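Encoded as structure tokens, the structure appears first; notes follow it.
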Amino acid sequence: MASRVINFSAGPAKLPTEVLERAQKEMLNYNGLGISVMELSHRSADFTKIITTAESDLRQLLNIPDNYKVIFKQGGGTGQFSAIPLNLMNFKPGGTADYLVTGTWSAKAAIEAEKYGKINKVVPKVSKYTSIPDPSTWNLNPEASYVYYCSNETIHGIEYQYIPETNGVPLVCDMSSNMLSRPFDVSKYGVIFAGAQKNVGCAGVTLVIIREDLIGHAMDTTPVIFDYKIQVGNNSVYNTAPTYNIYILGLVLQWLKDNGGAEKMEELSAVKSKAVYDIIDNSNGFYYSPLDKSCRSRMNVTFRIGCQEGDEALEKLFLSEAEKRGLISLKGHRAIGGIRASLYNALSVEECMALVTFMQDFLQKHQ
Ligand code: PMP
């Protein structure tokens, strides 16, 4: 087997090696049962223990108040783009929702929500996403059923460094790409969701945290699979849950607890992202980030090489030389090109420093 490389993928992304080793060890014979978790009924006592432990670890890691419910669902982040309006659009009469569109993922969520109600775009439409407009300019509707935003736009590398103030209107957040990378006050939110495949597990399960009073307002036409009331009422096993994905998620949550939790992840993410941004900022424009510094993501560092628009030949060379050093999946999203280094929780400071050293060497050779 080729030795493991350093994976900067935006998702599905690197998992902690300890988690993979534990899953490997338990693959054929989980907990002395003589079968794999994949072969275990979602209603068995052993699986119930896996899912309840995952929930209580999540509650502990995020300090989730008692009036919030947790579900683990299929359908990905994209499934929640539909589930959110289906469950919440009619929370208030009028059926309107505010959307903060600051990148591709919030834009996609707004397009989906338009099928189910009236959408108010809180910030002006832009041709390129490079900043988050100041909250003083936001056009929030006090009658909206909810305010929606994406706390980390994975493609552009734009991250909110604060929780938006909505003056009592329920706040909904897509935290798919920065979940558990820092502590935050859950009580400021109505609903939080995150696909697991970046910071908390593998693809196939999405975690949703919902304030109790927001449950039970779903439209009559809501598919049963997306109805929060039904899913909460059945502890995520109304139908067959994505059992193995929940097991891996549980192992990652355990790993997070063993490694200092969200507080430690915040500290490490600051060290990792600063090291990469410092190289960019001190490269005399050789590496170029178009983003406003106040919203640079700690999770997905995006940049161009050679000039502001990016010298594609040089970027190609960067990617192939990086790969020779065992640094993989650094190619930017096809929608915007360039380079993207994803520095999620499972990526260690040492692994990030291998990229930093490579960037330094590449700069010296080609500037
Ligand atoms: N939201 C964000 C922030 C994402 O990065 C992604 C996927 N990369 C999605 C939503 C969509 O998630 P999924 O592919 O699981 O539907």
Side-chain angles (χ1 to χ4, degrees), residues 7-15 71-87 97 99-115 129 132 146-161 163-164 171-182 184 189 191-209 223 225-226 231 236 241-242 244-246 248-249 252 269 273 291 295-302 329-347:
N7 184 4
F8 292 90
S9 170
K14 181 182 193 305
L15 282 162
I71 52 175
F72 302 103
K73 286 317 305 164
Q74 295 100 332
T78 306
Q80 292 306 310
F81 294 171
S82 322
I84 295 291
L86 283 162
N87 282 276
Y99 273 73
L100 273 153
V101 175
T102 54
T104 303
W105 294 112
S106 46
K108 285 194 170 179
I111 290 168
E112 183 63 14
E114 267 167 355
K115 295 177 185 168
Y129 299 107
I132 298 172
Y146 62 93
V147 177
Y148 180 103
Y149 81 113
C150 174
S151 57
N152 187 70
E153 287 283 356
T154 323
I155 294 177
H156 299 85
I158 292 179
E159 186 178 33
Y160 285 74
Q161 307 303 345
I163 299 177
L171 181 61
V172 175
C173 184
D174 173 359
M175 262 186 218
S176 294
S177 47
N178 63 355
M179 176 53 103
L180 277 160
S181 67
R182 61 185 173 198
F184 61 91
Y189 291 90
V191 180
I192 299 159
F193 68 86
Q197 66 268 27
K198 298 161 200 302
N199 258 328
V200 287
C202 64
V205 62
T206 308
L207 57 90
V208 192
I209 304 167
I225 188 80
F226 284 148
Q231 297 301 337
S236 305
Y244 197 75
N245 313 69
I246 292 171
I248 296 289
L249 170 77
V252 174
S269 73
S273 56
L291 302 184
C295 66
R296 283 172 162 182
S297 171
R298 299 160 307 130
M299 298 289 108
N300 313 100
V301 179
T302 56
S329 297
L330 284 160
K331 196 170 192 288
H333 190 277
R334 61 191 184 283
I336 62 166
I339 310 295
R340 171 173 55 175
S342 296
L343 316 174
Y344 297 127
N345 290 342
L347 189 95

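In listed order, ligands and their atoms are each counted from 1. Only this structure's heavy atoms are used, side chains among them; waters, hydrogens and symmetry mates stay out. Given the structure is predicted, the values throughout are model-derived calculations rather than measurements.
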Do any N or O atoms from the side chain of [X] and from the backbone of [Y] form a donor-acceptor pair under 3.5 angstrom?
{"X": "Y344", "Y": "A10", "result": "yes"}
{"X": "K14", "Y": "A346", "result": "yes"}
{"X": "N152", "Y": "M299", "result": "no"}
{"X": "S176", "Y": "G195", "result": "yes"}
{"X": "E153", "Y": "W105", "result": "yes"}

Any [X] heavy atom less than 4.0 Å to ligand 1:
{"X": "K108", "answer": "no"}
{"X": "Q197", "answer": "yes"}
{"X": "G76", "answer": "yes"}
{"X": "T206", "answer": "no"}
{"X": "C150", "answer": "yes"}

If you have a sec, work out which protein heavy atom is nearest [atom] and how many Å separate them, to one decimal?
{"atom": "atom 12 (O) of ligand 1", "answer": "G77 N, 3.5 Å"}
{"atom": "atom 16 (O) of ligand 1", "answer": "T78 OG1, 2.5 Å"}
{"atom": "atom 9 (C) of ligand 1", "answer": "W105 CE3, 3.6 Å"}
{"atom": "atom 3 (C) of ligand 1", "answer": "T154 OG1, 3.3 Å"}
{"atom": "atom 1 (N) of ligand 1", "answer": "D174 OD2, 2.6 Å"}

Discussion item. Under 4.0 Å, heavy-atom basis, I'd like to know which part of K198 is in contact with ligand 1: side chain, backbone, both or neither.
Written reply: side chain
Practice prompt. Tell me, with the steps shown, if Q74 and I225 meet side-chain contact (heavy atoms from CB on, under 4.5 Å).
Written response: CA-CA 9 Å; Q74 295 100 332; I225 188 80; 4.3 Å; yes
Worksheet item: Has ligand 1 got any nitrogen or oxygen that is less than 3.5 angstrom from a nitrogen or oxygen of N152?
Response: no
Worksheet entry | S181 and N345, any side-chain heavy atoms less than 4.5 Å apart | yes
Discussion item. What verdict does the side-chain contact (heavy atoms from CB on, under 4.5 Å) test give for I132 and Y160, after you've listed the backbone C-alpha separation in whole Å, the side-chain angles of each residue and the deciding distance to 0.1 Å?
Written reply: CA-CA 8 Å; I132 298 172; Y160 285 74; 3.6 Å; yes
